[in-house]
There are 2 protein chains.
Amino acid sequence: MDLAEKLIRTKGYNAFSYKDISVPLQIKNAAVHYHFPKKSDLGEEIILKTRNAFKKKYIEWEQCLPKEKLKNFIALYEKNQSLNLVCLVGALGSSYESLPDNMQTSLTKMSEEIRGWMQDVLKEGLKKKEFNFTETADEKTDVVIAALLSSLILDKVIQKNILKSVKASILKSI
Amino acid sequence: MDLAEKLIRTKGYNAFSYKDISVPLQIKNAAVHYHFPKKSDLGEEIILKTRNAFKKKYIEWEQCLPKEKLKNFIALYEKNQSLNLVCLVGALGSSYESLPDNMQTSLTKMSEEIRGWMQDVLKEGLKKKEFNFTETADEKTDVVIAALLSSLILDKVIQKNILKSVKASILKSI
DNA sequence: AAATATACTTACTAATAAGTAAGCAAACAA
DNA sequence: TTGTTTGCTTACTTATTAGTAAGTATATTT
């Protein structure tokens with residue numbers, strides 16, 4: 001699953017095959033099919049795994065102040081950047097129409113959960129006067145999650161540290 | 001080319017084949033190969049076409065004030081949204097590693113051009129006191145282009161009007 | 001009028017893809 | 001100790017993919 005996830009997040013879901021997993025692991029193609037009968041089963045499991053990992057994180061951060069939560073969230077992207085990986089939503093979402101139904105559904109649910117969490121963080125920060133941006137929390141949420149998502153893509157394409165700028169801009173404007 | 005572009009921007013480069021072009025056009029597979037011997041030739045041509053279209057646009061906007069230029073740029077994304085298409089950089093960039101060399105190169109060049117243009121617009125707006133954000137123009141550039149890019153992806157995944165929020169947030173914070 | 005270029009079609013090839021059915025060895029449970 | 005489950009392998013099938021070689025009809029140029 002780790003290998004498959006890395007492949008999805010560098011080459012995309014449609015550009016990797018079970019051979020890309022079986023060869024490095026020195027097993028046969030059919031062994032992969034034993035664990036994940038269909039490629040979409042593997043794809044869905046990876047989404048669920050990522051979603052659970054995020055859930056674990058934000059439970060861990062529950063006692064943090066909003067600004068700290070936001071910084072922790074950005075740190076997740078910095079981790080991805082250091083591993084040269086785009087985020088899963090970006091990797092899969094850009095070819096949403098080509099995804100099997102079960103993957104579309106679980107990707108949508110995960111994305112909604114992340115967005116909902118960020119809305120809560122920004123609202124809490126506004127209430128606690130830790131933040132004082134002029135937009136509504138919902139509007140700000142969408143710029144923040146959108147900008148972070150793309151920054152990992154643009155990092156690769158432009159080969160500049162886009163995430164660094166995005167982080168600076170978010171923290172200054174919040 | 002229009003058909004191929006649409007396929008790339010809905011399903012991704014690796015999820016479409018020449019059959020997806022030849023069948024609707026009622027021609028044979030080999031006819032497509034006659035015009036674009038390799039799939040990567042077609043891919044590159046689409047990038048160059050998009051780049052030229054953008055160049056034409058920003059030359060058209062040369063006399064506009066910075067804020068107007070920014071609004072025109074956002075309107076490009078609104079157009080894409082209405083057609084249910086993600087932008088080309090998002091569609092291709094998220095699977096950058098899987099792209100043929102010639103496509104990587106031309107995608108990078110186009111993205112740099114867009115980013116450079118936006119940097120100029122924001123610097124000009126700052127100088128003319130039309131904008132007064134606290135970040136540097138270079139930092140703000142990266143949030144703006146990143147947020148717009150993702151908004152079209154997230155629109156599909158979350159099925160909410162993310163671009164609308166992003167637009168509102170950008171215009172309020174600038 | 002002859003030569004040539006254009007835009008295909010027909011008919012393939014070689015490679016790779018996802019997926020399956022049947023068999024087998026080792027671990028484990030009754 | 002016998003039976004069953006687990007985790008594979010072997011050996012396929014079927015479909016699709018990118019790409020090509022050779023031929024053909026229609027224009028266009030010389």
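Just so it is clear: chains get the letters A, B, ... in the order the sequence lines come, proteins before strands, and each one is counted from 1. These numbers come from a predicted model, not from an experiment.
- B:D20 and B:K6 are not joined by a salt bridge, as no carboxylate oxygen comes within less than 4.0 angstrom of a charged side-chain nitrogen.
- Across residues 2-23 of chain A, not one residue has a non-hydrogen atom less than 4.0 Å from an atom of DNA chain D.
- For the segment residues 25-36 of chain A, the set of residues with a heavy atom within less than 4.0 Å of an atom of DNA chain D comprises A:I27, A:K28, A:A30, A:A31, A:Y34, A:H35, in numerical order.
- Both the sub-6.0 Å distance and the 45° axial angle are not jointly satisfied by A:K172 relative to the ring of B:F133.
- A cation-pi geometry, defined here as NZ or CZ lying under 6.0 Å from the six-membered ring centre and within 45° of its normal, does not hold between B:K28 and B:Y34.
- Salt-bridge annotation for A:E112 and B:K160: absent, with no side-chain N of the basic residue lying under 4.0 Å from a carboxylate O of the acidic one.
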With a cut-off of 3.5 Å and sequence neighbours excluded, list every side-chain donor-acceptor pair involving residues 60-79 of chain A.
from	atom 1	to	atom 2	distance (Å)
A:K69	NZ	A:E124	OE1	3.2
A:N72	ND2	A:E68	O	3.3
A:E78	OE2	A:K167	NZ	3.0

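- B:L148 is not connected to B:V143 by any chain of hydrophobic side-chain contacts under 4.5 Å among Ile, Leu, Val, Met, Phe, Trp and Tyr, and they are in different clusters.
- Using a 4.0 Å cut-off between a side-chain N of Lys or Arg and a carboxylate O of Asp or Glu, A:D2 and A:K49 qualify as a salt bridge.
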